[in-house]
Amino acid sequence: MKIYNTLSRKKETFKPIEKDFVSLYTCGPTVYNYAHIGNLRTYVFEDIFKRTLLSNGYKVKHVMNITDVGHLTSDEDEGEDKMDVAVAREKKTPEEIADFYADAFKEDISKLNILQPDIWCKATEHIADMIKLVERIEKNGYSYVGKNGNVYFDTSKFANYGNFAKLDLDNLQSGARIEIDEDKKHPRDFVLWFLTKGSKFKGHILKWNSPWGEGWPGWHIECSAMSIKYLGENFDIHCGGVDHISIHHTNEIAQAEAATGKKWVNYWLHGEFLIMKQGKMAKSVGNFVTLKSLTDKNYDPLAFRYMCLNTHYRKKLNFDWEGLDSARNALSTLRENIRILKETDGLKTAQEKIEDYRSKFLDAINDDLNMPRALEVVWKLIREEEHINNQKKYEILLEFDKILGLDLGRIETSSKIPKEIDALIKKREEYRKKKDWEKADEVREEIRKKGYIIEDAPEGIRVKPI
RNA sequence: GGCGUGGUACCCAAGCAGCAAGGGAGCGGUCUGCAAAACCGUUAUGCGUGGGUGCAACUCCCACCCACGCCUCCA
């Protein structure tokens, strides 16, 4: 399969370090608030990627972190800690906040049919690993202690700093948007370990002892430390959002490689943003839409998943409600077709035709996860009239769904129809038998008002909640 | 100011040198007592604008316009 590697800015043929085995690290959520659908788009992309790896026969070891250490509102040694803000807002302990939002996150991804990682790792449970990594960096001479006592990474010592993000270091306007920190040798240096004592922000709750004094870890160190712990000093793939390329991942690479002295990650994949009319969605901007706000409006979470699949992961996705409606309708037609295929038979099967569809589908997903093209194959197969029988179509579509994750086999059952509605349906049937259409239509309208739609399909009556 | 991405029908969106995928919506039709669902047909001589290279350009090159992202925590 081919994937676009941010390291080379090219599509590359994927070759894992170990045959048939893939080590995968995906940047996880910060848990001081709900995830929004922009965050979730990235996890959907990563899920499609993981499912594609699995369908190519790889065993995948997937690690995802949970950032339950607060981030400062600025990467400098100032600003409030977001976790502390949540603590003040919700009057809970940091642990309670973190657990609450981590659970909410897991619920969200489960609703989106996203496969769980093999290992969840919480930052607060790996402070010792982070300290060890900072010590290695220190021992190798890549760090210094500022006047305020914070430990900084010395980017000038790391020869390839910024190559990953193609940063033009000479032309970066440091301080253009943020205050230059006097304690750093260079504005682009970043904190490995914050010291409580030196911090301008005094109310910080989470803190630990370290060789440099009591404090808390710099933001970037957690991913480096935990991924190395679970996947080794050199592993296959690291994923995240595009916003992380220039700072977070650039710094992670610097730290990890300064500590180990070897190449850290072979492939980097980044998902593009979901944006609204007024720009990107961000927790810090506060213009975010959660999955719950979708389900509150009776959208199937998988309609959002379909919406994500309709655009390539490296392209910005414009979110609006019309677009979500469009995805919902498409998914519903798709499911309806699957149901019909399951329940009916058709023409004779031409095996070579099936193989043709299968290979086109696999070509699409293996070409840097081209899901719009994969969906095209799905629709063409659905509407294929000539050569493939319905049972075969049904089988192969469910096979495709192992990657799409749209739960296409799900059938909107009539099983939970209340007795009251059931009685009305019987009543309507009686009118229909007598050809009293007026009365029958009245009953249909009554059923509709109670929230159900009746369809007189050729094979019988179907009832669906609206 | 620097770096980057993108502008394809009413909307979303593939394609990226050789007859412009797919979905949604609209319209017309088949089916139906009527609906609904489903299906069929239909909607870009055109791919932001202006130049250039090529037998051939949405696809390559140059300029310009517009939008968005990153350079600050952020998916």
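Throughout, a chain's letter reflects where its sequence line sits, starting with A, and its residues are numbered from 1. Basis for what follows: all heavy atoms, side chains included, without hydrogens, waters or symmetry-related copies. All figures in this text were calculated on a predicted structure; none of them were measured in a lab.
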Using the side-chain heavy atoms of [X], tell me which of these nucleotides is nearest: [options].
X      : options                : answer
A:T311 : B:rA14, B:rC68, B:rA21 : B:rA14
A:K380 : B:rA38, B:rG22, B:rC73 : B:rG22
A:D243 : B:rG22, B:rA75, B:rA25 : B:rA75
A:L274 : B:rA75, B:rA21, B:rC70 : B:rA75
A:P372 : B:rA13, B:rC34, B:rA75 : B:rA13
A:H244 : B:rA75, B:rA25, B:rC39 : B:rA75
A:W379 : B:rG23, B:rA38, B:rA14 : B:rG23
A:F273 : B:rG69, B:rA13, B:rC34 : B:rG69

Indicate whether any N or O donor in one side chain lies under 3.5 Å from an N or O acceptor in the other, for [X] and [Y].
X      : Y      : value
A:T290 : A:H36  : no
A:Y431 : A:E438 : no
A:E336 : A:S332 : no

Over all strands shown, is [X] touching base, sugar-phosphate only, or nothing at heavy-atom distances under 4.0 angstrom?
X      : value
A:R383 : sugar-phosphate
A:K435 : nothing
A:R432 : base

In whole angstrom, give the distance that lies between atom [atom1] of [X] and atom [atom2] of [N].
X      : N      : atom1 : atom2 : answer
A:I338 : B:rA37 : CD1   : P     : 19 Å
A:N318 : B:rG23 : CG    : P     : 21 Å
A:K393 : B:rA38 : NZ    : P     : 15 Å
A:M276 : B:rC12 : CE    : P     : 15 Å
A:H248 : B:rC73 : NE2   : P     : 11 Å
A:R428 : B:rA35 : CZ    : C1'   : 8 Å
A:I453 : B:rA36 : CD1   : C1'   : 7 Å
A:E384 : B:rA38 : CD    : P     : 20 Å

A:K434/A:E430 ion pair, N-O < 4.0 Å: no

Determine the interatomic distance between [atom1] on [N] and the same-named atom on [M]; round to the nearest Å.
N      : M      : atom1 : value
B:rC11 : B:rG51 : C1'   : 32 Å
B:rC71 : B:rC39 : P     : 45 Å
B:rA13 : B:rC34 : C1'   : 37 Å
B:rA63 : B:rG22 : P     : 36 Å
B:rG15 : B:rG7  : C1'   : 15 Å
B:rC12 : B:rG48 : P     : 14 Å

5'-most by nearest nucleotide on RNA chain B - A:V242 or A:L334: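 Residue closer to the 5' terminus by nearest nucleotide: A:L334.
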
Gap separating the SG atom of A:C308 from the CZ atom of A:F45, nearest 0.5 angstrom: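 So the gap between those two atoms works out to 11.5 Å.
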
4.5 Å side-chain heavy-atom contact, A:Y101 and A:Y32: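 A side-chain contact under 4.5 Å is absent here.
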
Dot-bracket line, read 5' to 3' along RNA chain B, where crossing pairs take [ ] and | marks a partner on another strand, Watson-Crick or G-U under 3.5 Å: (((((((..(((.....[...)))((((((.......))))))....(((((..]....))))))))))))....

Compare side-chain N and O positions of [X] against OP1 and OP2 of [N] and report whether any pair is under 4.0 Å apart.
X      : N      : value
A:R462 : B:rA36 : no
A:N310 : B:rG22 : no
A:K315 : B:rG69 : no
A:T333 : B:rA37 : no

Salt bridge (Lys or Arg N to Asp or Glu O under 4.0 Å) partner of A:D367, chosen from A:K360, A:K2, A:K11: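 Among the candidates, only A:K11 passes.
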
Distance-only donor-acceptor test (3.5 Å): side chain A:D441, base B:rG33: yes

Syn or anti conformation of B:rG24, syn meaning chi within 90° of 0: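 Here B:rG24 takes the anti form, which means its glycosidic angle is more than 90° from 0.
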
Passing candidate, side-chain hydrogen bond (donor to acceptor under 3.5 Å, both in side chains) with A:R305, options A:D47, A:N113, A:D407: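 Filter result, single survivor: A:D47.
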
